[in-house]
Q: 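Below: one structure in structure tokens.
Chain A is the first sequence line, chain B the second, and so forth, proteins listed ahead of strands; every chain is numbered from 1.
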Amino acid sequence: MHPFRSHTCGELRAGHAGRKSRLSGWVFRKRDHGSLLFIDLRDHYGITQVVVQPDRDFFETCRGLRPESVITVTGLVEPRSADTVNPSLPTGEVELLAEQLAVESAADPLPLYLAGDDPGPEDLRLKYRYLDLRREEMQRKIALRADVVASLRRRMTAHGFREFQTPILTCSSPEGARDYLVPSRVHPGKFYALPQAPQLFKQLLMIGGMDRYFQVAPCFRDEDARADRSPGEFYQLDIEMSFVTQEDVFAVVEDVIAGVFREFSDWTVDETPFRRIPYREAMVKYGTDKPDLRIPIEMADVTEMFRGSGFNAFRSVVEKSGAVRAIPVRGIADRPRSFFDRMVEFAVERGAGGLAYLVWSGGGVKGPLAKFLSEADRSGLAARCGVGDGDVIFFVADAPARAAAIGGDVRVRLARDLDLFEKKAFRFGWVVDFPMFEFDETLGRIAFSHNPFSMPQGGMAALESGDPLGVTAFQYDIVCNGVELSSGAIRNHSPEIMLKAFEIAGYSRGEVEERFGFMLSAFRHGAPPHGGIAPGIDRIVMLLAGETNIREVIAFPMNQRAQDLMMNAPSTVSERQLRELHLKLDLIRDSGREGM
RNA sequence: GGGGGCGUAGCUCAAUUGGUUAGAGUCCCAGAUUGUCGAUCUGGUUGUUGCGGGUUCGAGUCCCGUCGCUCCCGCCA
């Protein structure tokens, strides 16, 4: 017999009765009856009840075992009598009658209690992650992650893609997030950077003729965390394809993503092709470029209807080239005044000047705005927004970007308060036609709004049109339930168009040649038209696991301040290491916090 | 960098307008217990109320500062 186990703790059934079996696992719970002891023995696969009788020489040893000690038990599989069967356990028809027992590893008292529902405080869970991971829910989520990654690989391979590795030690990129830097020992004063994404490498693989690339790729960005954004590092399903249009990329990704979501969830998943939403339309209807399409509210632009209206507050906003956005909600006319007050308060908190509303009720129109509007205005708004008796329209008036953002927040808040989210559904959409450039208020000039390597729609002619802010790119996002899963683009493979695009964003030819000379050179030696995308794997697993916190689907996540509480990273290093790397510390703040 | 929330026993939480020696459950420890399955019963230990300062006759409670965790804004091509 194997020294540790003949079966797993989730395996034994009534059919095994009478067989000799050996199990290894953790002591999950103990029930000590003085002259009879029950141990729930747990491993990755399940729980089996072990019975220890008082005449065994290891009986006292067992009584002293603390939870989470690891033991190996050998004995007979016994069928349980009808009144002692445990129907809530898959192995509940049998138990293991212990004949031999070995303590593999005795456990100290635990900082976390694993046999209950409460996972405990997150910093303790992270510090003792190896304990936290033993909980059934964590076993399930981390296993789900592994299965999702395996499925993604299988599906990409089936589409004719190969997985290529790209460097982890590379060089800093000028645009984008802050880099993680790695000092060079051999080249004093020079640094490697960890890749924010394998962006340039995957394009170079296309230029290298590899045709279809994917990679489960680690990405490193030194930016602050959010609930859905892990600090430091995360994983993308990085994809790039040669000789493709935007639609070719969509077709592959839709098939892979829809397939994975159907494989790992019984929720409704959109049929492919997913809906396509132009960026400008998304900003008007949803106030965001990552709309939650489970919410049955679509905003409308009603700016023109207020241009000549009697409502001065809105008219003056419109005259200052602002926008008025209407948020129609059906069937809530009978909500109490406090509901509307709460929404107004919320909008003001988000920076709105106010939140107006009209209530269609009892054949009339009520609300603070009603007396300023003519009968024609009201019926015009009703027709525009498709509302009738019993419905309500909220209004936000502000500069267009602000009106969109606040309206979008109000839309989500309404859905939350009114429980309007479609249940058990993953709703996908492609947001397309992103603007190539935007006006950067802080820099006071035009900047790339997304990826500088995207192909502008209309090519060189569009860039030379003299209206850079009107140029859209072959740049797209895929969103699911309000989560941005990924950005992608058809790349700009023409050096001249690229130089022109960088020129508009304020980079001279010389700067671009210096920074991206290797890319320009590559483009000058035969570059296939190509494009790709990079769905976030952590976020996919998060959605499939029904989690809102990304740390729940990462085995060893860092906390919000980018620390690994278990390993104590980041940590100080020795003087010798610093010397070898030609580094001298210049700590402005007292470093007493370090070292812990 | 900024804002919100939280911080009381290993863990989850109480503690009247500021009022006696800061409690309960759980964990842990000891004892009892032959059919439990979140076993049960009896007893017991566990505290710089995050830290520092202030107000007060008196502070877990009020004020100031600070630290930690978390959520959000900035940031995230």
Side-chain angles (χ1 to χ4, degrees), chain A residues 28-42 47-55 59 63-64 66-68 78 80-89 91-92 95 97 107-128 131 173-179 195-197 199-200 219-232 234 290 349-351 405 409 434 436-438 440-442 447-454 473 475 477 484 487-489 501-502 505 534 536 548-549 551 559-561 563 565 590 592-593 596:
Chain A
F28 189 50
R29 290 193 180 96
K30 243 173 37 177
R31 291 174 292 280
D32 181 353
H33 289 246
S35 305
L36 186 65
L37 180 60
F38 298 98
I39 294 173
D40 286 342
L41 194 66
R42 185 202 74 236
I47 292 173
T48 302
Q49 174 163 281
V50 173
V51 182
V52 185
Q53 291 171 321
D55 55 343
F59 184 75
R63 294 188 76 185
R66 274 189 290 261
E68 297 306 312
E78 296 262 303
R80 298 205 206 178
S81 65
D83 58 324
T84 61
V85 163
N86 184 349
S88 59
L89 228 50
T91 61
E95 59 198 11
L97 194 57
D108 287 343
L110 302 170
L112 289 168
Y113 181 60
L114 302 187
D117 297 324
D118 183 2
E122 193 175 14
D123 47 344
L124 266 190
R125 293 177 59 201
L126 294 183
K127 181 171 180 183
Y128 299 98
L131 294 178
S173 56
E175 294 271 331
R178 271 186 292 269
D179 288 310
Q196 296 183 19
Q199 179 66 36
L200 297 177
C219 303
F220 304 91
R221 296 179 192 174
D222 185 5
E223 294 297 340
D224 290 333
R226 288 289 182 277
D228 65 349
R229 199 168 80 204
S230 179
F234 59 96
K290 46 176 180 175
E349 276 171 18
R350 309 297 299 186
D409 288 345
F434 275 83
M436 183 85 192
F437 303 101
E438 63 188 8
D440 189 315
E441 300 288 346
T442 53
F448 288 111
S449 64
H450 272 72
N451 188 327
F453 303 106
S454 302
Q475 168 87 42
D477 279 6
E484 180 192 317
S487 278
F502 270 96
T548 53
N549 187 319
R551 293 184 292 272
N559 69 4
Q560 194 178 36
R561 292 188 47 208
Q563 296 165 306
L565 297 176
D590 188 316
R593 200 196 297 156
M596 291 197 272

Q: Write down the distance between CZ (A:F434) and P (B:rC76), rounded to a whole number of angstrom.
A: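 For the pair A:F434 CZ and B:rC76 P, the rounded distance is 15 Å.
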Q: B:rG74 base to A:R226 side chain: any donor-acceptor pair below 3.5 Å?
A: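 Side chain to base: pair present.
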Q: Provide the distance between the two C1' atoms, one in B:rG58 and one in B:rC41, to the nearest whole Å.
A: 42 Å
Q: On RNA chain B, does the nearest nucleotide to A:R63 precede the nearest nucleotide to A:F38 from the 5' side, or the other way round? Give the residue.
A: A:R63
Q: Mark yes or no for a side-chain to base donor-acceptor pair under 3.5 Å between A:R80 and B:rC37, with no hydrogen or angle criteria applied.
A: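 Counting by modelled atom types and ignoring angles, a donor-acceptor contact under 3.5 Å is found here.
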Q: Write down the distance separating the C1' atoms in B:rU55 and B:rU61, rounded off to the nearest Å.
A: 14 Å
Q: How would you list, by chain and number, every residue that makes a side chain to side chain contact (heavy atoms under 4.5 Å, CB included) with A:R31, sequence neighbours excluded?
A: A:R29, A:H33, A:F38, A:D40, A:Q49
Q: On a plain distance test, is the side chain of A:R29 in donor-acceptor contact with the base of B:rU26 below 3.5 Å?
A: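 Absent.
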Q: According to a cutoff of under 5.5 Å between the ring centres and under 30° between the ring planes, does A:H33 stack with the base of B:rA39?
A: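 Yes, the aromatic ring of A:H33 stacks with the base.
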Q: Along nucleotides 7-15 of chain B, 5' to 3', which nucleotides get a B, which get an S, and which get a -, given that the test is a protein heavy-atom distance under 4.0 Å?
A: ---SSS---
Q: Does A:R229 make a side-chain donor-acceptor contact with the base of B:rC76, cut-off 3.5 Å?
A: yes
Q: Write down the distance between CD (A:E223) and P (B:rG74), rounded to a whole number of angstrom.
A: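 So the CD-P distance, A:E223 to B:rG74, works out to 12 Å.
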Q: Side chain of A:Q49, base of B:rU36: donor and acceptor closer than 3.5 Å?
A: yes
Q: Return the 5'-most residue of the pair A:R350, A:V51 with respect to RNA chain B, ranking by each residue's nearest nucleotide.
A: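 That would be A:V51.
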